[in-house]
Amino acid sequence: MDERVSVTDGFHLVVDALKLNGIDTIFGVAGIPITDLARLAQAEGMNYVGFRHEQSAGNAAAISGYLTQKPGICLTVSAPGFLNGMVALANATTNCFPMILISGSSDRAIVDLEQGDYEELDQMNAAKPYAKAAFRINKAEDIGIGIARAIHAAVSGRPGGVYLDITAVTLSEVIDAEIGRKSLVKIVDPAPKQIPAPENISRALALLASAKRPLIILGKGAAYAQADKDIRSFIETTGIPFLPMSMAKGLLPDNHPQSAATARSFAIGQADVVMLIGARLNWLLSHGKGPLWSDTTQFVQLDVSPTEIDSNRPIAAPVVGDIKSSIAALLTALKPGQIKAGAEWLAALAEHEKKNIDSMTKRLAADPHPMNFSSALRAVRDALAGRPDIYIVNEGANTLDFARNIIDMYEPRKRLDSGTWGVMGIGMGYAIGAAVVSGKPVVAIEGDSAFGFSGMEIETICRYHLPVVIVILNNGGIYHGDAPDAPPSPTGFIPHARYDKLIEAFGGAAYHVEDTSSLTKALTGALAAGRPAIIDCVIDPKAGTESGHIQNLNPKTSVAAGPART
Ligand code: ADP
Ligand code: MG
């Protein structure tokens with residue numbers, strides 16, 4: 001008789017449960033109590049990517065979730081590591097990206113009595129307000145169920161960030177291997193289809209058919225849904241002009257004849273029926289209110305979340321369902337010739353587009369020395385021409401505003417940016433996440449300030465030999481340069497800083513450019529080399545406006561600084 005007892009433990013069960021559900025990548029930072037989990041995951045054939053800071057690991061996980069529709073996994077240590085990862089988890093939830101933050105945690109008996117354990121924190125309850133769901137696993141036998149619950153919560157309905165707490169004791173708990181194997185759950189249908197009600201479909205089509213000036217707004221929910229063909233077919237069949245939100249750029253190519261992007265304000269202001277596809281009427285769309293919007297505009301809204309409807313303005317025709325199913329149902333029900341955008345409306349849009357294109361062309365033709373945002377981004381655009389396969393990551397205030405307009409996108413889900421929060425710090429995490437899950441090159445277009453938030457991850461990029469090229473539009477400060485008198489100004493950085501020198505420390509390629517033709521040449525060369533690089537671009541420190549295009553959101557004091565204010 002075989003005397004050996006076959007056993008397993010919590011570490012093995014976590015890895016087994018993830019693999020069983022098709023999850024093959026973990027982004028994380030190792031340490032107590034999850035170091036062996038990271039090691040084991042790698043030994044068991046998972047792709048483990050080790051970062052320098054949990055926020056970037058979390059951002060990589062979040063964007064991989066957006067790109068793959070599978071929850072991106074971020075692994076952290078307890079308390080401080082967990083909290084660092086929380087920023088990314090909250091950002092994922094805000095942006096509707098599926099992600100699971102798994103953190104190890106300290107002894108519950110001590111934590112709950114606040115007796116001062118190593119890295120003591122009630123992590124599950126701390127996570128709750130910022131996550132779509134938060135769970136804690138207290139027994140090795142529950143790991144299978146715990147991971148199944150986390151996956152369901154992350155990807156079903158409106159996707160979001162899920163926190164999964166696993167105590168140190170649970171990770172090292174040894175149980176019978178057979179009991180462990182039986183405790184695992186292979187999920188049958190993690191993100192079940194949500195079919196819209198037929199009356200939602202007929203009401204939406206009737207409203208669109210009645211429109212004189214219809215408009216479609218595509219959001220990142222539409223991009224996430226991977227219903228690219230059907231969305232394009234609906235737009236082309238109906239002839240309705242469309243506007244992409246920034247991360248939906250490329251869902252249809254930016255040079256598509258029906259794109260109204262160059263007449264955005266006019267299109268929004270004049271449209272009588274607007275169909276929102278996976279886009280919220282939040283601050284990025286002025287809440288659907290004046291002066292940008294007319295108060296007589298009627299809305300069709302496609303969204304998976306029923307509570308999104310009527311959140312900012314009444315929605316005349318809600319279509320609640322997942323976008324893939326909703327668009328398919330609309331296409332099936334659409335009768336030939338039922339909806340056709342009118343020639344007058346298209347002509348009015350074309351006229352406005354022409355005016356805006358002319359002024360943009362003029363702005364882009366200028367070649368000032370030092371470079372400004374427009375001229376530098378035109379040089380970047382020239383180097384990217386013919387490379388629609390490249391992922392673009394973009395953050396910074398002015399860098400974001402200008403790049404969104406100047407860099408056209410031609411393929412879906414290739415533009416990854418500051419998103420719903422307008423957050424800074426996603427740069428290197430998103431770049432690494434995109435490069436790891438796609439194997440494709442990434443160009444991160446960064447302001448010098450934005451880059452600083454995640455800059456240390458260039459070591460990660462070099463360590464994993466990722467094809468990430470970082471273009472830093474360096475105007476020496478937040479918004480713009482500001483000579484550092486004593487004390488340094490709140491928005492100024494060291495003038496003439498050489499960000500390219502940083503990557504030399506890790507064996508990456510360094511470029512420093514002061515004019516547009518050198519910039520195009522450097523980026524073309526760096527992409528051809530296919531290895532990590534930083535291109536430090538000298539931008540006029542006077543270029544860039546405070547808060548970029550959202551100055552209206554920045555309150556300003558009108559009272560002079562100083563002591564005497566009586
Ligand atoms: P953007 O910032 O591009 O306008 P938002 O993040 O504001 O986009 O909106 C995305 C919307 O898409 C959210 O309301 C979300 O509920 C919805 N959404 C996300 N995924 C899906 C999906 N698969 N099907 C339907 N709606 C979705
Ligand atoms: Mg700057």
Side-chain angles (χ1 to χ4, degrees), residues 25 27 47 49-52 56 59-60 63-64 67 250 371 375-396 399 403 406-411 413-417 426-448 450-452 454-474 497-539:
T25 302
F27 304 94
N47 188 10
V49 185
F51 282 70
R52 305 302 298 262
S56 290
N59 284 325
I63 211 65
S64 80
L67 293 172
M371 294 185 284
S375 66
L377 286 163
R378 194 242 308 139
V380 170
R381 185 193 68 182
D382 291 349
L384 294 173
R387 292 298 307 270
D389 57 313
I390 290 173
Y391 282 87
I392 302 295
V393 169
N394 188 200
E395 62 174 338
T399 305
I406 295 172
I407 310 290
D408 280 347
M409 304 304 299
Y410 303 94
E411 291 183 3
R413 294 171 293 285
K414 286 285 157 86
R415 187 185 153 84
L416 313 170
D417 68 25
I426 48 88
M428 299 306 104
Y430 279 12
I432 294 168
V436 165
V437 297
S438 72
K440 295 257 164 65
V442 178
V443 172
I445 306 173
E446 303 272 315
D448 54 332
F451 172 71
S454 64
M456 193 64 209
E457 301 298 343
I458 57 176
E459 190 276 330
T460 311
I461 291 169
C462 290
R463 181 162 26 101
Y464 288 95
H465 307 288
L466 298 173
V468 175
V469 178
I470 303 148
V471 176
I472 299 178
L473 301 192
N474 182 2
R498 291 288 300 269
Y499 290 96
D500 52 312
K501 298 274 180 204
L502 294 173
I503 204 163
E504 286 179 347
F506 309 114
Y511 303 83
H512 174 76
V513 299
E514 299 188 357
D515 61 76
T516 50
S517 60
S518 314
L519 172 49
T520 302
K521 207 169 134 220
L523 181 52
T524 308
L527 284 169
R531 62 189 195 96
I534 286 184
I535 305 175
D536 180 54
C537 311
V538 179
I539 303 291

Beyond-backbone contact of [X] with [Y], side-chain heavy atoms, under 4.5 angstrom:
X	Y	value
R387	D389	yes
P532	V468	no
I392	M409	yes

How many angstroms lie between atom [atom1] of [X] and atom [atom2] of [Y], to the nearest 0.5 angstrom?
X	Y	atom1	atom2	value
I470	I534	CD1	CD1	4.5 Å
K440	L466	NZ	CG	15.0 Å
R381	D408	CZ	CG	7.5 Å
L384	L527	CG	CG	6.5 Å
F451	I458	CZ	CD1	4.5 Å

Kindly indicate, with the supporting measurements, whether the criterion side-chain contact (heavy atoms from CB on, under 4.5 Å) is fulfilled by V49 and F27.
CA-CA 5 Å; V49 185; F27 304 94; 3.9 Å; yes

Name the residue from L519, I445, N474 that meets the side-chain contact (heavy atoms from CB on, under 4.5 Å) definition with I535.
L519

Testing D382, V471, V513 one by one against L523 for a side-chain contact (heavy atoms from CB on, under 4.5 Å), which residue passes?
V471

For C462 and I503: C-alpha separation, side-chain torsions, deciding distance, then whether side-chain contact (heavy atoms from CB on, under 4.5 Å) applies.
CA-CA 8 Å; C462 290; I503 204 163; 3.7 Å; yes

So, the side chain of [X] versus the backbone of [Y]: is there a donor-acceptor pair under 3.5 Å, distance only?
X	Y	result
S375	M371	no
R498	H512	no
S454	G429	no
T520	A379	yes

Closest heavy-atom pair and its distance - [X], [Y]:
X	Y	value
D448	I472	CA-CG2, 3.7 Å
A444	M428	CB-CE, 4.1 Å
D417	Y430	O-CE2, 3.5 Å
V393	G427	CG1-O, 3.6 Å
E504	A510	OE2-CB, 3.5 Å
G525	Y511	C-OH, 3.9 Å

Please list, chain by chain and in numerical order, all residues satisfying side chain to side chain contact (heavy atoms under 4.5 Å, CB included) with A434, sequence neighbours excluded.
L67, Y391, L416, V442

Determine, step by step, whether I432 and Y464 satisfy the side-chain contact (heavy atoms from CB on, under 4.5 Å) criterion, reporting the C-alpha distance in whole Å, the side-chain angles of both residues, the deciding distance to 0.1 Å, and the verdict.
CA-CA 9 Å; I432 294 168; Y464 288 95; over 6 Å; no

Of all pairs that satisfy salt bridge (charged side-chain N to carboxylate O under 4.0 Å, His left out), the ones with a partner from residues 455-469, not counting sequence neighbours:
R52-E459, E459-R463

Which is it for E395 and E446 under the side-chain contact (heavy atoms from CB on, under 4.5 Å) test, yes or no, and what are the steps along the way?
CA-CA 5 Å; E395 62 174 338; E446 303 272 315; 2.6 Å; yes

